[in-house]
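Presented below is the structure to which this report refers.
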Amino acid sequence: MSKPTQMSAPMRAPAWVSTRRLFEQSLQDLHKCTKLNQIKEVHAQIIKRDLHRDLYVAPKLISAFSLCHEMTLAVNVFNQIQDLNVHLYNNLIRAYVQNSQPSLAFAAFFDMQKNGVFADNFTYTFLLKACNGQAWLPLVQMMHSHVEKCGFFGDLFVPNSLIDSYSKCGLLGVNSAMKLFVTMDEKDIVSWNSMIGGLVKAGDLSAARTLFDEMPVRDTVSWNTILDGYAKAGEMNEAFELFNKMPGRNVVSWSSMVSGYRKAGDMEMAKLLFDKMPVKNVIPWTIIISGFAEKGLVKEAARLYDQMEATGLRPDDGTLISILAACAESGSLGLGKRVHASIKMTRFKCSINVSNALVDMYAKCGSIDMALSVFNGMHKRDLVTWNCMLQGLAMHGHGEQALQLFSRMQDEGFKPDKVTLIGVLCACTHAGYVDEGLCFFNTMERDYGIVPHIEHYGCMIDLLGRGGHLKEAFRLVQSMPMEPNAVIWGTLLGACRMHNAVELAEVVLDRLVTHEPSEPGNFSMLSNIFAAAGDWNSVANMRLQMKGTGVQKPSGASSIELDNEVHEFTVFDKSHPKSDTIYQMIDKLGHDLKKVGYVQQIDP
DNA sequence: ATAGGGTTAG
């Protein structure tokens with residue numbers, strides 16, 4: 001360590017003065033520092049100067065390590081301190097919240113109470129943030145009662161956080177938020193905005209609008225909240241009107257509009273607004289790219305992806321996950337691979353969530369080998385990883401492999417959840433393991449503590465129905481503890497179609513139309529069953545009935561991806577530039593198939 | 001403390 005010497009040149013301050021000033025400067029901004037190397041350097045200096053137990057320095061260190069996701073180091077700092085105070089606990093609690101470990105945040109809170117350290121308003125705002133991911137009403141209520149006991153309502157941060165956390169707990173939560181909101185003597189703009197946001201989230205747009213019109217002063221957040229409410233509800237005319245009327249628009253306002261048009265399926269308007277945006281960040285880029293990808297317009301999506309990279313914007317996890325999910329939905333393997341390549345180029349390692357999205361994308365696009373390869377290459381996996389892989393194997397008929405994966409995940413200590421069991425039952429269905437499926441279904445509550453949800457009943461009806469056990473399937477529908485929905489009846493109808501069970505099909509359709517009176521597919525399904533049974537009178541009757549109720553069958557479409565472009569085909573489609581050649585080939589294939597004895601099944 | 005994109009589910 002350098003010591004001050006008399007030999008230093010008089011013109012300049014000695015080196016140790018500047019390092020000390022530098023050090024003090026680093027200490028000042030330490031809690032905002034996100035570069036781990038720099039923090040470690042300062043940390044070393046801190047230890048050298050024996051400052052690591054300093055009650056001013058330690059919280060800053062915790063905060064800095066937390067921002068770098070170095071929780072072990074943060075906790076180490078905390079554990080060095082003998083006489084703990086609120087400030088230290090608050091920093092630890094916030095660190096856990098930032099690093100998505102809400103239960104440890106609460107553990108720290110209980111520890112704090114045990115040690116006789118009193119919580120303050122900061123503690124409660126952090127803890128309420130920890131409640132947000134859980135959407136668990138009793139937890140928020142518990143925080144509420146704590147706060148009431150301590151009387152922190154003078155600070156608007158606490159009641160405002162309560163409104164926000166309540167609002168994230170579904171419909172009951174919004175009621176509690178409203179109760180609190182109306183009793184607040186003093187409110188600020190955040191109270192109003194949080195309450196409006198809660199109502200929007202609960203789907204009560206008109207109540208949200210009433211509050212919005214009532215509030216004394218509105219800021220950009222207020223306008224954006226209500227604007228996004230209309231956009232999410234698909235009410236784009238109202239959204240557009242507000243968008244034009246609002247005093248100041250920012251990236252968020254524009255993004256809500258682009259997102260709204262995308263959700264409404266209007267990519268033309270979405271692109272128009274996107275192009276007009278004065279400032280763009282990764283979020284609007286994400287919306288527009290995944291919007292095109294979702295529709296299978298992969299050329300446009302890929303072009304925009306290149307453009308985004310060219311502007312120097314780095315896609316974050318949200319961008320990658322969103323685009324990969326869109327690829328999975330539309331089956332755009334080419335674009336998915338393109339995104340994967342870009343991840344490999346630009347990232348040293350990718351997060352669990354991004355890897356999960358990759359596994360899912362490859363599996364859904366039919367590339368089960370690539371899905372397995374990403375899966376096997378992952379250093380860390382979570383429940384979603386296993387569920388995606390299991391589902392992928394199951395969907396592609398690798399029932400045996402799926403069930404092996406199921407036992408492997410348990411060997412590695414993962415507890416199956418609701419989604420896992422849907423995958424397991426699905427694997428049994430696609431592999432034709434009727435008995436194994438029944439066994440899993442009957443023991444899932446005992447063995448895994450999962451009460452069968454309607455989705456599991458759906459799987460079982462599919463399993464029994466496909467296997468030709470139609471009576472058992474129907475009996476299961478009748479004995480379900482919950483009201484069967486359209487999915488259940490639709491699955492059963494599909495099984496009737498598969499096994500030409502005319503009488504049961506009529507009963508099932510009768511129930512199905514009470515749920516989906518205008519879904520044309522259901523009628524065609526029954527119509528197909530009649531046709532297969534040679535009952536052409538009933539087919540004709542059904543057609544008349546459909547005409548009478550105005551139900552129209554849209555033409556079915558199939559699609560295929562070639563050279564990074566998704567081609568879609570409908571019946572009698574002549575729009576493709578090479579349609580003549582395509583139809584010639586189809587005719588030839590038809591002839592060849594007939595020669596080997598294939599009998600074509602024609603949907604009326 | 002409040003606003004825009006985010007992985008699994010027939």
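Given the structure is predicted, the values throughout are model-derived calculations rather than measurements. All values below were derived from every heavy atom in this structure, side-chain atoms included, with hydrogens, water molecules and symmetry-related copies excluded. Each chain gets a letter, A, B and so on, in the order its sequence line appears, and its residues count up from 1.
- Between E235(A) and R209(A), no side-chain nitrogen of the basic residue sits less than 4.0 Å from a carboxylate oxygen of the acidic one, so the salt-bridge criterion is not met.
- Residue contacts shown for K280(A) are absent, as no nucleic acid heavy atom lies under 4.0 Å away.
- Heavy atoms of V251(A) sit under 4.0 angstrom from at least one base atom.
- Qualifying side chain to side chain donor-acceptor pair (under 3.5 Å) partners for D228(A), counting only residues two or more places apart in sequence or in other chains: K232(A), S256(A).
- When DNA chain B is scanned in the 5' to 3' direction for atoms under 4.0 Å from non-hydrogen atoms of chain A, the outermost contacting nucleotides are dA1(B) to dG10(B).
- When all heavy atoms are compared, the tightest approach of H499(A) to R466(A) is NE2-O, 3.0 Å.
- Shown are N193(A), D219(A), N250(A), L242(A); of these, the side chain to side chain contact (heavy atoms under 4.5 Å, CB included) with N224(A) is made only by N250(A).
- Looking at heavy-atom distances under 4.0 Å, D417(A) makes no contact with the nucleic acid at all.
- Residue K187(A) is classed as having no contact, given no heavy-atom separation below 4.0 Å to the nucleic acid.
- Across all strands shown, D360(A) has heavy atoms under 4.0 Å from sugar-phosphate atoms exclusively, and none from any base.
- By the neighbour-count criterion of 12 heavy atoms within 6.0 Å, atom NE2 of H396(A) is densely surrounded, having more than that number from other residues, nucleotides or ligands.
- As judged by a 4.0 angstrom heavy-atom cut-off over every strand, K263(A) is placed among residues touching the sugar-phosphate backbone only.
- Using a 4.0 Å heavy-atom distance criterion, K129(A) is classed as a sugar-phosphate-only contact.
- Heavy atoms of D317(A) sit under 4.0 angstrom from at least one base atom.
- The residue T385(A) sits apart from the nucleic acid: no heavy atom pair falls under 4.0 Å.
- Residue-level contact check: S194(A) touches the backbone only, with heavy atoms under 4.0 Å from sugar-phosphate atoms and none from bases.
- A donor-acceptor distance shorter than 3.5 angstrom exists from the side chain of T183(A) to the backbone of K179(A), with no hydrogens or angles considered.
- Base contact: G318(A) has a heavy atom under 4.0 Å from a base atom.
- Note: F274(A) and W285(A) have perpendicular aromatic rings, judged against thresholds of 30 and 60 degrees for the angle between ring planes.
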